[in-house]
Amino acid sequence: MPKLFSEEWVKEYMRLLNESEEYAQAAKDWEGDFLFVVEPDEGLTEPMYIYLDLYHGKARDGYMVKDPSQVSAAFEFRGKYSNWKKLLNGEIDPIKGLVTGKFKLRGNMAKVMRYAKAAKALVEVAQKVETELPE
Amino acid sequence: MSMWNFLSPKIVFGEDSVEFLERLQGKRAVLISDEVVGEKFSKILENYADFAGRIYLPAREPYREDAEDVAERLREIEPDFIVALGGGSVLDVAKAARILAELDIPPEEITPFTDLEEMGYSGRMKLVAIPTTSGTGSEVTWAIVLKDRGERRKIVMANEKAMPEIALVDPVFVYEMPESIAISSGFDALSHAVEAYLSTFSNPFSDALAVKAVRLIADSFEQSAEGDRKARENMHLAATIAGLAFSNSQVGVVHALAHATGAVLNMPHGIAVAVYLKPVLEYYAEKGIERVAELSHETGMDVMALMQNLYSRFSVEGHYDSSEIRKNSEGIVKRAMEDSCIVTGPFVPEEDELFEIIGKVIG
C-alpha cells in the first residue's frame, strides 16, 4: 500500500485518474497544473508536496516534490494533514472544506468554479487510492 | 457532520420596517435601485433617509458591466451605507459592486473560496438590502448572479463578504407587485426551499427553514398572485426564509439548468426555474432519491401534488417556448455542466441525464 504523497502514491493516483471516465468528461477542456500541499499536524512533522499536471481530462505528469520553491504551478491546494485524512476518508466535502477554511486554494478561482464537477471527481478518485497514512 | 456554518444578516421585517432607515440619519447613504422601482418607491424611502447619491440601473437582468459601473460610482460617492432597493438583479449588483468598489478584480473572482480580506477588502460600505419582489432571497444570501454578455452565460458567485448587513423585508414594497412577477418570483422562492432541502449540503438549520418556507408558499401562493395583501406578506417572508435556507445549504440541478437557459434564451430567472422545478423533481423521484418523500413527510403535504397543482393553476407550460429549448439544448447542457450548482444537488448528473430532464420539458 503506497504511503500518502509518495512517488508510488502519485503514480497510482494518476493511473486511476486516467481510467476515470467521469473525470475525463468533467475536465475535458481543463488546462492547469496543481501543487498539493499537506501541512504538518497530528504526527506528521514535515510538509509533503505533490505536483500534478492536468490537461484535457488526463493527468499527463505527476511526481513527489521535495522543494516547492522549484515548482511553479497554476494552482495550489493546501491543508493540514488531519484535514487531508478526513478528505480522503470522505468525512469532508472538498467544497465545504474550502468554504470553511480547512483547505486553501490559490490560482484562478473563476476557472475552478466552472469545473466544480471535475474537482469533485479529482477528490473521489484520490479516495480510491489505497493509502498508508503516516502515524 | 463535518464543520459548516450558518450565515444571516440582521433581518428587519413586517409592515413599516422601512422606518429602520431612520437609523441612517447622519450617515452618508447611497440608493441603488432600478429605473422602475426607484421611481415608484424612492419617495417612501426619502421619508426616512437622505441620500448622498442615487444610482438607477436599467430594469433588466444584470450584466457584469453593471456591477463594474456601479462600483465606479460608489468609489466616487464614498458612502457609509448602500441602500439597495429592488428585485434580485438590483440586490445582486449592489452586493458585487460594493466589493468591486474596494477591490480591482474581475467579478467572477468573487468565489466562496476567495479570501477577500487578504486581498484588502474591509467592508467599509454597509449594505441594507430591501427586496421588492418575493423570490430571490438575495437580501439574505451570499450569492450573486450576473450575466456575461460575451459568453451568454451566468456567472454564479458567492462569498461570505457579499452578505448584506441588514435585510429589510417590508411587504409594502410587494403589495402592488404585478401578478406575473408574483408568480415567477413565487416559483423561484419555492425552488429555493425545495432545492435547499434536497441538497447534499442541507443541515438541520436549513431543513427547518426550507420546510417552513414550503408550507407558507403552499398556503399563500395562489392568493398572493390574486393580490391578497396578507398572502403577499406571507410570500414575502417565505422568500426570505427560503433564501436563508438555500444560502446555508445550496441549490442544485434546477438552478444549474435555469441559469443556463436564462442566459442562452434570455429567459427571466423565475420563469426558467419554473420550467425545470417539476421535471427535475420527477427525475429525482424516478432515481429513487428519498429526500423528496421526506420533504412531503416534513411539510405534511404531497410536494409533487403541490407542484402539479401550481403548474396547472398558473399554466407554466404556456409561459415558455419548448421549441427554443429544444433548438438550444446542447448549449444549455454545456453551460449547466459548467455551473457550480451542478455538484450540490442530491446527485451529480452526467450530460445525458440533463438531456433526459430537458426531454421532459420539451415533451
Side-chain angles (χ1 to χ4, degrees), chain A residues 20-32 34 36-37 56-57 74-80 82-125 127, chain B residues 1-7 64 105-119 142 144 146 148 151 153-160 199-203 247-250 252-253 256 259 333-345 347-354:
Chain A
S20 168
E21 188 55 36
E22 188 183 359
Y23 177 73
Q25 271 299 314
K28 61 188 173 194
D29 303 316
W30 174 269
E31 294 176 8
F34 269 86
F36 293 97
V37 182
H56 291 197
F75 295 89
E76 182 183 290
F77 183 82
R78 63 166 59 232
K80 288 180 190 167
S82 53
N83 289 328
W84 271 100
K85 281 199 291 188
K86 289 178 183 165
L87 186 75
L88 295 173
N89 290 336
E91 294 169 48
I92 293 181
D93 176 276
I95 299 170
K96 277 186 172 180
L98 281 164
V99 173
T100 53
K102 288 179 183 288
F103 292 94
K104 297 278 185 194
L105 177 68
R106 292 192 186 280
N108 184 338
M109 305 287 193
K111 186 171 172 178
V112 171
M113 289 291 284
R114 293 174 75 160
Y115 288 87
K117 190 173 177 189
K120 210 170 170 68
L122 264 182
V123 173
E124 283 166 0
V125 172
Q127 289 167 347
Chain B
M1 183 189 298
S2 62
M3 175 178 163
W4 195 228
N5 48 33
F6 186 88
L7 301 174
R64 52 177 290 166
I105 57 173
E108 55 266 45
E109 281 287 311
I110 303 170
T111 76
F113 323 133
T114 312
D115 189 337
L116 295 175
E117 279 182 344
E118 193 177 74
M119 296 169 99
W142 60 327
I144 301 166
L146 301 175
D148 184 310
E151 293 193 54
R153 62 184 283 264
K154 290 196 175 183
I155 315 167
V156 181
M157 299 168 283
N159 191 280
E160 288 186 10
S199 171
T200 52
F201 282 34
S202 69
N203 56 76
S247 186
N248 288 289
S249 174
Q250 283 300 311
V253 176
H259 290 151
V333 167
K334 180 180 184 300
R335 284 164 180 79
M337 292 302 290
E338 291 176 351
D339 191 293
S340 53
C341 301
I342 204 73
V343 297
T344 47
F347 85 111
V348 183
E350 302 291 340
E351 283 187 7
D352 58 347
E353 291 174 305
L354 293 187

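To find a chain, count down the sequence lines: A is the first, B the second, and so on, and within it residues start at 1. As the structure is a prediction and not an experimental result, all values here were calculated from the model.
No other option in Ala158(B), Pro112(B), Pro106(B) has as many heavy-atom pairs under 4.5 Å with chain A as Pro112(B).
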Taking only distance into account, so ignoring hydrogens and angles, what donor-acceptor contacts under 3.5 Å exist between chain A and chain B?
unit_1: Lys28(A); atom_1: NZ; unit_2: Glu351(B); atom_2: OE2; d: 3.1
unit_1: Arg106(A); atom_1: NH1; unit_2: Glu118(B); atom_2: OE1; d: 3.3
unit_1: Arg114(A); atom_1: NH1; unit_2: Glu151(B); atom_2: OE1; d: 3.2
unit_1: Arg114(A); atom_1: NH1; unit_2: Glu151(B); atom_2: OE2; d: 3.4
unit_1: Arg114(A); atom_1: NH2; unit_2: Glu151(B); atom_2: OE1; d: 2.9
unit_1: Arg114(A); atom_1: NH2; unit_2: Glu338(B); atom_2: OE1; d: 3.1
unit_1: Lys117(A); atom_1: NZ; unit_2: Pro349(B); atom_2: O; d: 2.8
unit_1: Lys117(A); atom_1: NZ; unit_2: Glu350(B); atom_2: OE1; d: 3.2
unit_1: Lys117(A); atom_1: NZ; unit_2: Glu350(B); atom_2: OE2; d: 3.4

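Considering every non-hydrogen atom in both Phe113(B) and Met113(A), the closest pair reads CE1-SD, 4.0 Å.
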